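Here the structure is laid out as structure tokens; the discussion comes afterwards.
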Amino acid sequence: MSDTTKTATRTQGPLLIELVEGRNVSFKNVTFSDEASFTRFEILFRRLNRKPRQRRTAHEARTAAPLPLGTPARSISIEIKDFLEDMRRSNLAPRSVAIYGQSLAALKHLHGDTLASAVERDHIRQLWDLMLWAPKNCFTDPRYAGKSAEELAHLGRLERARPAATATMVKHHTILCRFFNSLKKAHAISMSPMDGFKKPKLELANEHRKRPRWLTNDELQRIFNPETFTPWAKHHPHRWWAPMIGLYTGARVGEVAQMKVSDVECINGRWFFAIRKTVDSDLANSSGAISRQTLKGKSSERNIPIAQPLIDAGFLVYLQDLKDANCTRLFPHLTAGRNKKTGQTNALYSQGLVQQFRKYMKALGFDRDCRFHAFRRTLVSVLSAKGVRDRNIALLTGHAMRDQSQVIDHHYRGEVPEETIRRQVIALSKYRPSVVLPVYKKGQFDEQLKDKSRHHP
DNA sequence: GCAGGGGAAAGCTGTCTGAG
DNA sequence: CTCAGACAGCTTTCCCCTGC
């Protein structure tokens, strides 16, 4: 509404609006009974005041297009609430919904709580500055309550050492686009204020950017050095086994942490870790999630052959101990977590493991880029350096190889299972990190496995 | 030890594009 | 017309930190 001044006063009762100085039409002191009528009026008003077209093409209708029939946009906070609710309904991961909520929180700081349809490009420019400099926790910490976008950005400049990384801004950009696009699809707004905003280009030279990090043989030996590893791990099954499994499968930490006893399978005499999502019997009839396991995507689903060094280290003995103790999960002491508000599972078994492993690594003097994920990077890097083809590595790691060729991908992934297994086994046999794994003794975790009071579903 | 927020990166999928 | 590759859009993961 470039050449129109608009003031909307929100009182307890009806909405009051003044629209003056329009090109052709002006209104003063119009009263609306609710926000929906205000928005309908606003759309109509914009159409009436639109510049006349310079020229019509032959195909264009002579009469004005009908007004869109969508539900008019409501206030930002209501639209955000509904948007997040929609995400939940469409079965997105609880964590994803939370992240979207965090990014969208900044929007509520635009002139209080305006109508979603009133957000314009200039607002986004302001918002960008806020997101770039927002002080930590400023949308949740009560100390910042009531502050405007400008004030917050100003405080951030004083408090923060540097602005948010470009990658983070890319995420905010993505989420804002997604939010306004969904309003556009619902015909609640006619165009997205994000349309003119290009995605920020990632800065390759950023000195704060984390470097890809893999582990050298030396470093692997330090991690599994019996003098430090054994005392740290000997009372916790997940500390003992998860790093070893991570090392020899390259699986994501979440995939390792969530495995069930039934996910370790023997097929035609060969043992596999089945990375998959199965129903938890206690959740089967619930209205919410029916599994505490998650998969990043379709191509994550796979069977990974269990490497010989793991078997030599007594993994199958541990498996039998679990079965003897009637355990259903590979690491019964890890919890999936539970959302306090909804009571739903957080489906996040990895947290405890990640924190404990990171603490161990820190104590060994590893820098902060050395984490569990480094096992995955290491496996991929080593196999790649040995000339193993990407698609064969992907069969182990569960990466998607869509860009190769869908036909070929389909063929390699399960169409001919024996061929898939053959390729996996050949690839895995080329991975020989020079570590000596500690050997499990039968009954080593008897105490932990029998004390069910500390087990989680 | 866990819930939950935050920063950053990884990675999946739909769509466009341009060469053959 | 086909299809690999690039790109854009979107979702999920990893891991840190804080506060209880």
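These numbers come from a predicted model, not from an experiment. Within every chain, numbering begins at 1; the chains are lettered A, B, ... in the order of the sequence lines, protein sequences first and strands thereafter.
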Exercise. Roughly how many Å is it from OH in Y349(A) to P in dC2(B), rounded to a whole number?
Worked result: 12 Å
Problem set entry | Terminal helix-axis angle for the helix from dG1(B)-dC20(C) to dG20(B)-dC1(C), with five pairs defining each axis and rounding to 10 degrees | 20°
Exercise. With no hydrogens and no angle check, do the side chains of T278(A) and K260(A) hold a donor and an acceptor under 3.5 Å apart?
Worked result: yes
For this session: Map Q351(A) and R376(A) onto DNA chain B by nearest heavy atom, then report which one ends up closer to the 5' terminus.
Result: Q351(A)
Exercise. Given atom CD1 of I99(A) and atom C1' of dG5(B), what is their separation to the nearest angstrom?
Worked result: 10 Å
Exercise. What's the closest nucleotide to the R178(A) side chain, out of dT11(C), dG1(B), dC14(C)?
Worked result: dT11(C)
Exercise. Any side-chain N or O of R252(A) under 4.0 Å from OP1/OP2 of dC12(B)?
Worked result: yes
Problem set entry | side-chain N/O H373(A) vs dA9(B) OP1/OP2, d < 4.0 Å | no
Seminar exercise, completed: From the list H456(A), H455(A), R454(A), side chain to side chain contact (heavy atoms under 4.5 Å, CB included) partner of T335(A) resolves to H456(A)
Exercise. Starting at NZ of K359(A) and ending at P of dC17(C), how long is that distance when rounded to a whole Å?
Worked result: 12 Å
Exercise. Taking NZ from K362(A) and P from dC16(C), how many angstroms apart are they, rounded to a whole number?
Worked result: 8 Å
For this session: Kindly say if T174(A) contacts the phosphate of dA8(C), meaning a side-chain N or O under 4.0 Å from OP1 or OP2.
Result: no
Problem set entry | Earlier contact from the 5' end, DNA chain B, for H172(A) and R454(A) | R454(A)
Exercise. Does the side chain of R292(A) come under 3.5 Å of the side chain of Q258(A) through a donor N or O and an acceptor N or O?
Worked result: no
Exercise. To the nearest Å, how far apart are L353(A) CG and dC14(C) P?
Worked result: 10 Å
Problem set entry | Sugar-phosphate only, base, or nothing, as touched by I175(A) at under 4.0 Å among non-hydrogen atoms | nothing
Exercise. Quick one: do the D451(A) and S453(A) side chains pair a donor with an acceptor below 3.5 Å?
Worked result: yes
Problem set entry | Interatomic distance, H236(A) NE2 vs dG1(B) P [rounded to whole Å] | 7 Å
Exercise. Under 4.0 angstrom, heavy atoms only, what part of the nucleic acid is Y100(A) near: base, sugar-phosphate, or nothing?
Worked result: base
For this session: Indicate whether any N or O donor in one side chain lies under 3.5 Å from an N or O acceptor in the other, for Y360(A) and T228(A).
Result: yes
Problem set entry | Test salt bridge (charged side-chain N to carboxylate O under 4.0 Å, His left out) applied to E265(A) and R276(A), step by step | CA-CA 12 Å; E265(A) 281 188 319; R276(A) 62 187 174 194; 3.6 Å; yes
For this session: Kindly point out which of dC2(B), dC15(C), dC10(C) is positioned nearest to the side chain of N181(A)?
Result: dC10(C)
Exercise. Q356(A) has an atom CD; how far is it from atom P of dC14(C), in whole Å?
Worked result: 16 Å
Exercise. Who pairs with R422(A) by salt bridge (Lys or Arg N to Asp or Glu O under 4.0 Å), at least two apart in sequence or on another chain?
Worked result: E419(A)
Exercise. Roughly how many Å is it from CZ in R358(A) to C1' in dG7(B), rounded to a whole number?
Worked result: 15 Å
